[in-house]
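Numbered from 1 within each chain, the chains take letters A, B, ... in sequence-line order.
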Number of protein chains: 2
Amino acid sequence: MTIQEFVKEGMKLEEAIELPFSTREKFAPRNTILTDYHQLEDSVYFIRSGIMITSLLYKEEERILDFHFPNSFVGSYSSLLTKSPSDVRLKCYKDCDLEIINYAELLSTYKTSLLANQIGRMATEQLFLSRVTREKELLTMNAEERYQSLLKKNPDLVKTIPVKELSKYLGIRPESLSRIRKG
Amino acid sequence: MTIQEFVKEGMKLEEAIELPFSTREKFAPRNTILTDYHQLEDSVYFIRSGIMITSLLYKEEERILDFHFPNSFVGSYSSLLTKSPSDVRLKCYKDCDLEIINYAELLSTYKTSLLANQIGRMATEQLFLSRVTREKELLTMNAEERYQSLLKKNPDLVKTIPVKELSKYLGIRPESLSRIRKG
């Protein structure tokens, strides 16, 4: 899916419309770091195909914030919105076909374009919903339940993620995850 | 602060502007439930003064998602955005002076008003940032560190919250919190 198609679907339009900002396409192979820790973010990424991960460091230990799948926006939003260095890393977990929006251009479009603001609001609402869902999981489920939830949502992905990465996402030690998997 | 003043500040305007939607004021005493579990949300609340809490149930146990302070928007957004029954409860933790936006009216304003979309986008971005911050805390800090973080942000509040409520926020047993407090 392209951003244009995503907007058509998300805004329930009958026909695709011309976007009020430019986008550029990019192929980023597996393990490409698009935004690194302490870097100032300048773009918003849309995943056409592939998987990305966002991670953060805490006490020199890496934790995976989330896996990101096709047809979703990814970016170091805290860095964009607060103009501060990124506390997360955006990395391609698989080969990715991306569409990229320059944030400075987007901001300038926001000043006058109704459509740009409608798109920005809709995309932000979806991102907000996904964060709220993840937060509720973190608050109510233990690691085993979160593993089962991820397994249910993305069985194919879970099979391909090494125990080491998956345990960084669940916030537990690899040995504990191995026990859960066997259980 | 009023919504009008919040918009002026958030959008860095030189003068306050007329809002493109109507709002109504409401005083809600302590313990008022504004939105309950399984209810369809129809409003967005702005806290002028007071404190609200959002909570959710998991396996018949209540967990506090967050405390909400003056000059912020609160609502069961998952219910609003997905038109499904609310999985959270919005309750006044202290007496609250609120300003209320009717969501149906807001949605209709979104269709044509640049300003309404700019305000909606800005407010959603701020909500998103607060969720991301909380999520990062849940993912990287243990209960004691989250307690210290809350204490640092809102020392006065923490003094007034009973151990029972605070432990629902931290996701630990009241006895564990008592140990942390003494430690």
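For the pair Gln118(A) (side chain) and Asn117(B) (backbone), a donor-acceptor distance under 3.5 Å is absent. No donor-acceptor distance shorter than 3.5 angstrom exists from the side chain of Arg121(A) to the backbone of Gly120(B), with no hydrogens or angles considered.
The cluster map of Ile, Leu, Val, Met, Phe, Trp and Tyr, joined by side-chain heavy atoms under 4.5 Å apart, puts Ile101(A) and Leu40(A) in different clusters. Note on Leu56(B): it does not cluster hydrophobically with Leu166(B), by side-chain heavy-atom contacts below 4.5 Å among ILVMFWY residues. Leu107(A) and Phe73(A) fall within a single hydrophobic cluster, where Ile, Leu, Val, Met, Phe, Trp and Tyr are joined by side-chain heavy atoms under 4.5 Å apart, directly or via other members. Both Val88(B) and Leu98(B) are assigned to one and the same hydrophobic cluster, defined by single-linkage of ILVMFWY side chains at heavy-atom distances under 4.5 Å. Leu34(A) is connected to Val74(A) through a chain of hydrophobic side-chain contacts under 4.5 Å among Ile, Leu, Val, Met, Phe, Trp and Tyr, so both are in one cluster.
For chain A, the nearby parts of Leu127(B) are the backbone and the side chain; heavy atoms of each come within less than 4.5 Å. Proximity to chain A is absent for every atom of Glu137(B), based on heavy atoms less than 4.5 angstrom apart.
Smallest separation of non-hydrogen atoms from Leu114(B) and Lys111(A): CD2-O, 3.9 Å. Minimum interatomic distance between Ser78(B) and Leu129(A) (heavy atoms only, all atoms of both residues): CA-CD2, 3.6 Å.
Taking chain A as the reference chain and counting heavy-atom pairs below 4.5 Å, the highest number among Ile64(B), Asp87(B), Thr82(B) is found for Asp87(B).
No more than 12 heavy atoms of other residues, nucleotides or ligands sit less than 6.0 Å from atom CZ of Arg173(A). Counting non-hydrogen atoms of other residues, nucleotides and ligands closer than 6.0 Å to CD of Glu9(A) gives a total of 12 or fewer. Atom CZ of Arg30(A) is surrounded by 12 or fewer heavy atoms from other residues, nucleotides or ligands within 6.0 Å.
Going from atom CG of Leu80(A) over to atom CD of Glu125(B) covers 9.0 Å, rounded to the nearest 0.5 Å. Atom CZ of residue Arg63(A) and atom CG of residue Leu138(B) lie 11.5 Å apart, to the nearest 0.5 angstrom. Between the CD atom of Glu135(B) and the OG1 atom of Thr133(A) there is a distance of 10.0 Å, given to the nearest 0.5 Å.
The side-chain heavy atoms of Tyr58(B) and Met141(A), taken from C-beta on, include a pair separated by under 4.5 Å. Arg134(A) places a side-chain heavy atom less than 4.5 Å from the side chain of Leu139(B).
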